[in-house]
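Below: one structure, written as C-alpha cells.
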Amino acid sequence: MLFRSLRLPMFPMNADPAVAEAYRAEAERIGWNGGFVITPGGPTYVLAADDPDATWDAVGPYVLHEVQRYTSFQTPGQKSLPSVHAASIEELRSSPQYLVGTPEEVVAGLRALPPTAGAVLNPLAGGTPPQLAWPALECFAGKVLPHLA
C-alpha cells in the first residue's frame, strides 16, 4: 500500500468499515501507529455563497454532470461517495452530500457534523470554471473558516 513508504493518513471516499480495517491492519503489520482514517461523514461538496440560489444556477449543471458521470461507472453495491443518484439539480440540492448555502448556513452545517466527520470542498466539481469557483472559495475563506476555529 502507498502509505507503507509515505506513512500517510487516509481519507477514502468510502464509508465501508472494511477499508479502515484494512488500513489499520497494514499499518500495524509495518509497525506504524501514526496513521488514522477519516471516513466520510459529512458533505462531499461544500460551497458558501452570499446568494446560494444564483450559485446553484451557475454551478449546478457542472455538479450534476459530475454526479451522473460517477454514477455511470459505479458497480452495484459500491459504497463510494458521493453516492447520489440525481436526475436534476433540485435532487442534488436536497441531498445531504451537498452543503451549499449562505456563510451562516455553511458554518451551522459544518458545526453540526460529528468531530470525526470529514467534509470536502470541491470547487471545480464537474469542470466548474475557475471564475465561478474562486468567489466561493473567497467567501468560504473570509466568512466561514474564521468561525470554525
Side-chain angles (χ1 to χ4, degrees), residues 1-3 6-27 35-149:
M1 294 188 138
L2 181 60
F3 75 85
L6 299 177
R7 299 186 182 265
L8 297 173
M10 185 179 194
F11 182 41
M13 293 308 288
N14 186 312
D16 185 345
V19 173
E21 290 168 18
Y23 172 91
R24 285 191 274 282
E26 180 66 8
F36 57 91
V37 177
I38 299 173
T39 56
T44 54
Y45 184 83
V46 177
L47 200 70
D50 292 318
D51 185 346
D53 291 329
T55 298
W56 265 117
D57 289 345
V59 303
Y62 300 100
V63 178
L64 182 61
H65 171 76
E66 179 178 89
V67 166
Q68 290 175 338
R69 294 302 298 159
Y70 273 111
T71 300
S72 76
F73 60 76
Q74 289 188 8
T75 57
Q78 188 171 342
K79 298 177 183 176
S80 297
L81 294 174
S83 58
V84 176
H85 299 271
S88 69
I89 295 168
E90 285 307 313
E91 289 179 22
L92 289 179
R93 290 182 75 155
S94 66
S95 169
Q97 290 299 156
Y98 296 87
L99 175 56
V100 177
T102 65
E104 297 79 16
E105 292 166 339
V106 171
V107 168
L110 294 174
R111 283 187 174 163
L113 296 174
T116 57
V120 178
L121 295 175
N122 188 4
L124 300 175
T128 300
Q131 63 268 26
L132 294 177
W134 192 250
L137 285 172
E138 288 180 323
C139 184
F140 187 88
K143 298 179 180 180
V144 174
L145 200 54
H147 299 283
L148 298 177

**Asked** What's the verdict on side-chain contact (heavy atoms from CB on, under 4.5 Å) for Glu91 and Val67, showing C-alpha distance, side-chain angles and the deciding distance?
**Response** CA-CA 11 Å; Glu91 289 179 22; Val67 166; over 6 Å; no

**Request:** Evaluate the criterion side-chain contact (heavy atoms from CB on, under 4.5 Å) for residue pair Val37 and Val19; output intermediate values, then yes/no.
**Result:** CA-CA 9 Å; Val37 177; Val19 173; 5.9 Å; no

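Val59 and Leu47 get closest at one heavy-atom pair: CG2-CD2, 4.0 Å. Annotation for Ala87 and Gln68: closest pair CA-NE2, 3.8 Å, computed over non-hydrogen atoms. Closest approach of Thr55 to Ala49, counting heavy atoms only: OG1-CB, 3.0 Å. Heavy atoms only, all atoms of each residue included: Thr128 and Tyr62 are closest at OG1-CB, 3.3 Å. The minimum heavy-atom distance linking Ala119 with Leu113 is given by the pair CB-CD1, 4.1 Å. Minimum heavy-atom separation, Val46 to Pro43: CG2-CG, 3.7 Å.
Distance CZ/Arg93 to CG/Leu64: 13.0 Å, rounded to 0.5 Å. One finds the OG1 atom of Thr71 at 10.0 Å from the CD atom of Glu66 (value rounded to the nearest 0.5 Å). Considering CD of Glu21 and CZ of Arg24, their distance stands at 7.0 Å, rounded to 0.5 Å.
Applying the ring pair (Phe, Tyr, Trp, His ring centres under 6.0 Å) test to pairs two or more places apart or on separate chains, those with a residue in residues 42-61 are Tyr45-Tyr98.
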Name every donor-acceptor pair, under 3.5 Å, that has one atom in a side chain of residues 131-149 and the other anywhere in the protein, sequence neighbours excluded.
unit_1	atom_1	unit_2	atom_2	d
Trp134	NE1	Glu138	OE2	2.8
Lys143	NZ	Asp50	OD1	3.0
Lys143	NZ	Asp50	OD2	2.9

